[in-house]
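Everything below concerns the one structure shown next.
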Amino acid sequence: MWKKLLFIGFLAIFARHIFLIAQILGVFKTIHNHKPGPCRVVPGIVNGSEDIYVLPNGLAFISSGISLDHYTEGNDPRIRQFEGGIYRFDFNKPDEEAKLIPIEGDVPKNNGLRPHGLDVWQDGKTGMVRLFVVNHYASVDAIEVFDFDQERMVLKHHKTIQDKLFYSVNDVAATGPDSFYFTNDGYHHGIKRVFEGLLMRAWANFGYYDGKEAKIIVDGGHGFNGINMSPDKKIVYVNEVLAGGAMHIWQRESDNSLSLIESMKFDSLCDNVFVDEAGDIWQGCHPIGHMFQSHAQNLSLPSPSQVINVKFLDKSRKRYEISEVLSNDGSLVSGSSVAAYYRGAMLIGTVLDKMAYCKIVAF
């Protein structure tokens, strides 16, 4: 009798686990198209636009050409042929195409740059613009550091940073000319990563690099993903994808440790966190996660895109309004990963697809 009860109990736990995964992947959801105004695909960029940073003058930096080999097997072989690079787009000239930024220096050629998340440190006194870019080499992850020559519109490779704690880096948030927070979205690579996700192991973490070495600050997450900071650098935002689409808000302490303020859920797999000049949040999300998985395995299959806005009602960050800015079945762009806002317009970046520009009339 006890064996039968044990078996029934196991089946109940297994069924609940499968149902939870199905919920996270959006199996029971449908998409209704709407947009905040006129939108169009931006020419010049086709191999993904995974992360975007916008300078105060409206110049946007875009990472393109991500590698997915270190995540799972079975992805579309065309992804391996992507050409990695950093692009620029000027919000002040929205009818122009995105343009590849030439790179000078020692970044390895032949697909040596396969960028993922990125961030910028701008020196308030000198105006220096320094880019920190997550790079997936064949066997290791690194942070590539570039200085941007604003007159010549080129990136100068400053250095490559590697650390034993950079084993599945997703995103980076710069805190100074040589320091940054970083997220690891999991622990294993390849087929083991599949089981890590299916078993929902909390093996993701994020940490801090002080210019010399890295240390883990928060451990035990379900897929830590995008990370960003408030304009005054006192608040840190981190997305936890497999926790039902959660964003955690942390107070940054003087020693760069973090104290949790608030957590919110979006019922969507939100990727990168973009913070506008007012300190409000814009999220590029995957509302139906299993369709993005199919898209990664076959780029011809569309994946829905979604943009979510979080408007804070006071400085505590505990009172806020969440609005859906855009929902699309993938006919505009597939697999949205970031939404970058600037003065009444936004760019919608994707993991593996094109990039879109939208005027925001209302939402």
Side-chain angles (χ1 to χ4, degrees), residues 21-22 24-35 38-52 62-87 89 97-98 100 110-111 113-117 136 138 170 185 189-191 193-194 197-198 223 225 241-242 245 268-272 283-307 326-340 346-358:
I21 291 176
I24 291 173
L25 294 179
V27 172
F28 311 110
K29 295 173 65 176
T30 56
I31 294 297
H32 302 282
N33 287 346
H34 73 86
K35 53 188 179 181
C39 298
R40 66 178 180 86
V41 171
V42 178
I45 192 165
V46 295
N47 291 339
S49 43
E50 208 279 338
D51 203 4
I52 302 172
I62 306 128
S63 63
S64 179
I66 190 175
S67 170
L68 297 183
D69 285 348
H70 70 300
Y71 282 111
T72 60
E73 300 173 356
N75 293 311
D76 193 312
R78 286 175 286 183
I79 298 173
R80 293 185 175 180
Q81 306 304 314
F82 281 4
E83 295 185 6
I86 307 298
Y87 287 74
F89 175 86
E97 65 179 16
L100 182 65
N110 301 321
N111 282 353
L113 180 63
R114 299 300 297 269
H116 198 154
H136 298 302
N170 186 294
D185 50 26
H189 292 176
I191 190 64
R193 173 58 71 89
V194 177
L198 289 175
N225 201 294
V241 175
L242 296 181
S268 190
L269 305 185
C270 293
D271 201 324
N272 290 313
Q283 297 267 21
C285 308
H286 308 290
I288 303 182
H290 72 90
M291 293 187 70
F292 176 74
Q293 290 181 327
S294 298
H295 174 62
Q297 294 167 358
N298 181 355
L299 295 178
S300 299
L301 297 176
S303 176
S305 293
Q306 183 184 37
V307 175
L326 175 142
S327 178
N328 183 262
D329 58 10
S331 56
L332 178 64
V333 285
S334 283
S336 53
S337 57
V338 63
M346 69 177 175
L347 289 175
I348 305 171
T350 64
V351 182
L352 303 166
D353 196 33
K354 303 175 289 293
M355 182 176 70
Y357 172 87
C358 295

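Under the side-chain hydrogen bond (donor to acceptor under 3.5 Å, both in side chains) criterion, N272 pairs with E50, sequence neighbours left out. In this structure N47 satisfies the side-chain hydrogen bond (donor to acceptor under 3.5 Å, both in side chains) test with no other residue, sequence neighbours excluded. Applying the side-chain contact (heavy atoms from CB on, under 4.5 Å) rule to T350 yields the partners S49, V333, D353; only residues at least two apart in sequence or on another chain are considered. Checked against side-chain contact (heavy atoms from CB on, under 4.5 Å), L301 has the following partners two or more places apart in sequence or in another chain: S294, N298. Partners of P77 under the side-chain contact (heavy atoms from CB on, under 4.5 Å) rule, at least two apart in sequence or in another chain, do not exist in this structure. Listed by chain and residue number, L68, N75, L352 satisfy the side-chain contact (heavy atoms from CB on, under 4.5 Å) test with A296 (two or more places apart in sequence, or in another chain).
Across all non-hydrogen atoms, the minimal contact from V307 to M346 is CG1-SD, 4.0 Å. Taking all atoms of both residues into account, the shortest heavy-atom contact from I66 to F82 is O-CD2, 4.0 Å. The minimum heavy-atom distance linking L100 with G85 is given by the pair CD1-CA, 3.9 Å. A pairwise comparison of heavy atoms in L326 and C358 identifies CD1-SG, 4.1 Å as the closest pair. Contact record, S63 with P115: CB-CB, 3.9 Å, taken as the closest heavy-atom pair. Scanning all heavy atoms of the two residues, the minimum distance from S336 to H286 falls at O-CE1, 3.1 Å.
Panel note: side chain D76, backbone L299; a donor-acceptor pair is recorded below 3.5 Å.
Between H116 and N170, the closest side-chain pair of non-hydrogen atoms falls below 4.5 Å. Within the 4.5 Å cutoff, no side-chain heavy atoms of I86 are placed close to those of I62. Put simply, the side chain of I52 does not reach to within 4.5 Å of the side chain of F89, judged on heavy atoms. Side-chain contact check for M355 versus P43: every heavy-atom pair is 4.5 Å or farther apart. Within the 4.5 Å cutoff, no side-chain heavy atoms of I348 are placed close to those of V338.
To the nearest 0.5 Å, atoms CZ (R114) and OG (S64) are separated by 9.0 Å. To the nearest 0.5 Å, the span separating CD on Q293 from CD on Q297 amounts to 7.0 Å. Interatomic distance, H295 NE2 to S334 OG, rounded to the nearest 0.5 Å: 5.0 Å. Going from atom CD of Q283 over to atom CG of N225 covers 9.5 Å, rounded to the nearest 0.5 Å. Rounded to the nearest 0.5 Å, atoms OG (S337) and CG (L269) are 13.0 Å apart. Note that OG of S305 is 10.5 Å distant from CE of M291, once rounded to the nearest 0.5 Å.
Donor-acceptor pairing under 3.5 Å is recorded for the side chains of Q306 and S268. Looking at D329 and N33, their side chains do bring a donor and an acceptor atom within 3.5 Å of each other.
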- Message: With side-chain contact (heavy atoms from CB on, under 4.5 Å) as the criterion, how do N328 and K35 come out once you've worked through the C-alpha distance, each side chain's angles and the decisive distance to 0.1 Å?
- Response: CA-CA 8 Å; N328 183 262; K35 53 188 179 181; over 6 Å; no

